[in-house]
Amino acid sequence: MSKVHAVITGIGGYVPQYVMTNEEISTLVDTSDEWITKRIGIKERRVLKPEEGIGITYLAGKAIENLRSRKNFDPLEIEAVIFATSTPDYILPNAASLIAYRTGMANAFGFDMGAACSGFVFALEVGQALITSGKYKKVMVFAGDTLSVLTDYQDRNTCPIFSDGCGVALLEATTDEEIGIIDAVLHSDGNSLAHLHMLGGGSVNPASHESVDKKMHFIWQDGKIVFKRAVTEMAKSCEELLKKNQLTKTDVQWIIPHQANMRIIEAVASRLDVPIEKVMVNIAKYGNSSAGTIPLCLWDLEPKLRKGDNVILTAFGAGFTWGALYLKWGYDY
Ligand code: UT7
């Protein structure tokens, strides 16, 4: 008998309506459309306008509405909700419980996962493990962020990059060996705190007048170090995963990388010796919504995917966290 494993049976996504252009960023910091386009590859990004009571679960609610318009499922059959985010609505309760309650997933237990930009890949691995255990059959995986709330719009090292958006994937049990999540290679390195962080608001530096004055509630990064590690680790984890699964680059139909910088994406493709046409990219219009970028790519470019396609997802983010996941796409559009 074939083994039970997990397959993505539907994808939904949502980005805020407000389009923040490079021209607008250029009015905030000393930069230009030309520099951002050339050095980052972003033309515009979506940003949630600060409105009372609207945060990541608002985007998640819209994303699941979008999923329901494409895929029939009974919310009461969902047994677990995983929400990969660094920007939950509140420190507590978690975003997963809120979205499960609001969307009728009343029988699910829910928890948030903090793995920054690697969140979707890490959450898929955990979701598939729940299903492969045989105990659960339907798991809803949300991944997204509202990085605009953590962005210092006076810092040109970060504000052109970050954006808001949320995706959602329905994971279901299957015994069909031609589809589903096959394997993952995931890593963390906590020795990188100095290079990419937001130091305020946690247990070491709880919110205070001082933490606000010191801008501790914004993300800070050493862009060059992050850039180099992102290229090296995403390429290495993809190579490790391909080797482990006896795949060559020609067996792979799609690479879907985290969308942080077009030059990072191109460098990873070049190291893997994969033509850029095989790499899914939508960074120009949506920017870097952290955990949201990979599911938003799947959602945005879903018509390109065919049932059984070999797909490699790869991500890198704060922690550092990184890795790659191999799946066979589950359905035709
Ligand atoms: O998903 C979260 C993880 N984050 C990332 O993956 C981000 C990784 N890092 C990056 O994407 C890039 O390092 C940045 C986009 C942050 C910076 O790009 P860069 O090509 O690494 O720029 P740089 O820091 O090497 O600076 C090159 C030049 C400098 O000027 P000089 O010293 O050569 O005169 C900078 O001052 O570009 C200047 N510069 C800018 N100029 C216009 C840096 N940022 C900007 C800017 N606009 N926004």
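In this text, all values refer to a predicted model and were calculated from it rather than measured experimentally. Side chains included, hydrogens not; waters and symmetry mates left out as well; all remaining heavy atoms used. Both counts, for ligands and for their atoms, begin at 1 and track the order of listing.
If you check which protein heavy atom lies closest to atom 3 (C) of ligand 1, you get V226 CG1, 3.6 Å.
We find that K215 and D155 are not joined by a salt bridge, their nearest charged nitrogen and carboxylate oxygen being 4.0 Å or further apart. Under the 4.0 Å criterion applied to side-chain N and carboxylate O atoms, K138 and E79 are not assigned as salt-bridge partners. Using a cut-off of 4.0 Å between Lys/Arg side-chain N and Asp/Glu carboxylate O, K43 and D33 are scored as salt-bridged.
Residues that satisfy the salt bridge (Lys or Arg N to Asp or Glu O under 4.0 Å) test with K243, not counting sequence neighbours, are absent from this structure.
Only the side chain of A260 comes within contact range of ligand 1, with a heavy atom under 4.0 Å; no backbone atom does.
Proximity of L171 to I181: side-chain heavy atoms (C-beta onward) are separated by under 4.5 Å at one or more points. Looking only at side-chain heavy atoms (C-beta outward), L199 and V204 stay at 4.5 Å or farther from each other. The closest side-chain heavy-atom distance from Y333 to L305 is not below 4.5 Å.
Within a 4.0 Å radius of atom 46 (C) of ligand 1, the protein has at least one heavy atom. Counting protein heavy atoms under 4.0 angstrom from atom 29 (C) of ligand 1 gives zero. Distances from atom 20 (O) of ligand 1 to the protein include at least one heavy-atom value under 4.0 Å. There is a protein heavy atom closer than 4.0 angstrom to atom 8 (C) of ligand 1. Distance remark: protein heavy atom not present below 4.0 angstrom from atom 34 (O) of ligand 1.
Under 3.5 Å, the side chains of T85 and T87 contain a donor-acceptor pair of N or O atoms.
The ligand atoms of ligand 1 that sit less than 4.0 angstrom from a heavy atom of H258 are 1 (O). Of all the atoms in ligand 1, the ones that sit under 4.0 Å from a non-hydrogen atom of R39 are 20 (O). Listed by atom number, the atoms of ligand 1 under 4.0 Å from C117 heavy atoms are 1 (O), 2 (C). Close approach to N261 involves these atoms of ligand 1, each under 4.0 Å from a residue heavy atom: 10 (C), 11 (O), 12 (C), 15 (C). Heavy-atom contacts of N157 reach the following atoms of ligand 1: 16 (C) (cutoff under 4.0 Å). Of all the atoms in ligand 1, the ones that sit under 4.0 Å from a non-hydrogen atom of N288 are 1 (O), 2 (C). The distance from ligand 1 to the heavy atoms of I40 drops below 4.0 Å at these ligand atoms: 15 (C). Close approach of ligand 1 to I264 is summarised as follows: ligand atoms under 4.0 Å from at least one heavy atom of the residue are 6 (O), 8 (C).
Aromatic pair F162/F218: centroids not less than 6.0 angstrom apart.
Considering only non-hydrogen atoms, atom 17 (C) of ligand 1 lies nearest to W35 out of F227, W35, F316. Looking at R156, Q221, K224 and measuring to atom 26 (O) of ligand 1, the nearest heavy atom belongs to K224.
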(message) One pair to check against side-chain contact (heavy atoms from CB on, under 4.5 Å): F320 and V226. What are the steps and the verdict?
(response) CA-CA 9 Å; F320 293 139; V226 177; 4.3 Å; yes
(message) Determine whether C159 and Y153 satisfy the following criterion, side-chain contact (heavy atoms from CB on, under 4.5 Å), listing intermediate values before the conclusion.
(response) CA-CA 5 Å; C159 78; Y153 286 98; 3.6 Å; yes
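Checked by distance only, ligand 1 and G223 come closer than 3.5 Å through their nitrogen or oxygen atoms. For ligand 1, the polar-atom distance check finds no N/O of S32 at less than 3.5 Å from any of the ligand's N/O atoms.
Residue contacts with ligand 1 do not include G317, since none of its heavy atoms lies under 4.0 Å from the ligand. For the ligand labelled ligand 1, residue D30 lies inside the 4.0 Å heavy-atom shell.
Taking the ring axis of W322 as reference, the NZ or CZ atom of R229 stays within 45° of it and closer than 6.0 Å to the ring centre. A cation-pi contact, defined as under 6.0 Å to the ring centre and within 45° of the axis, is absent between R46 and Y286.
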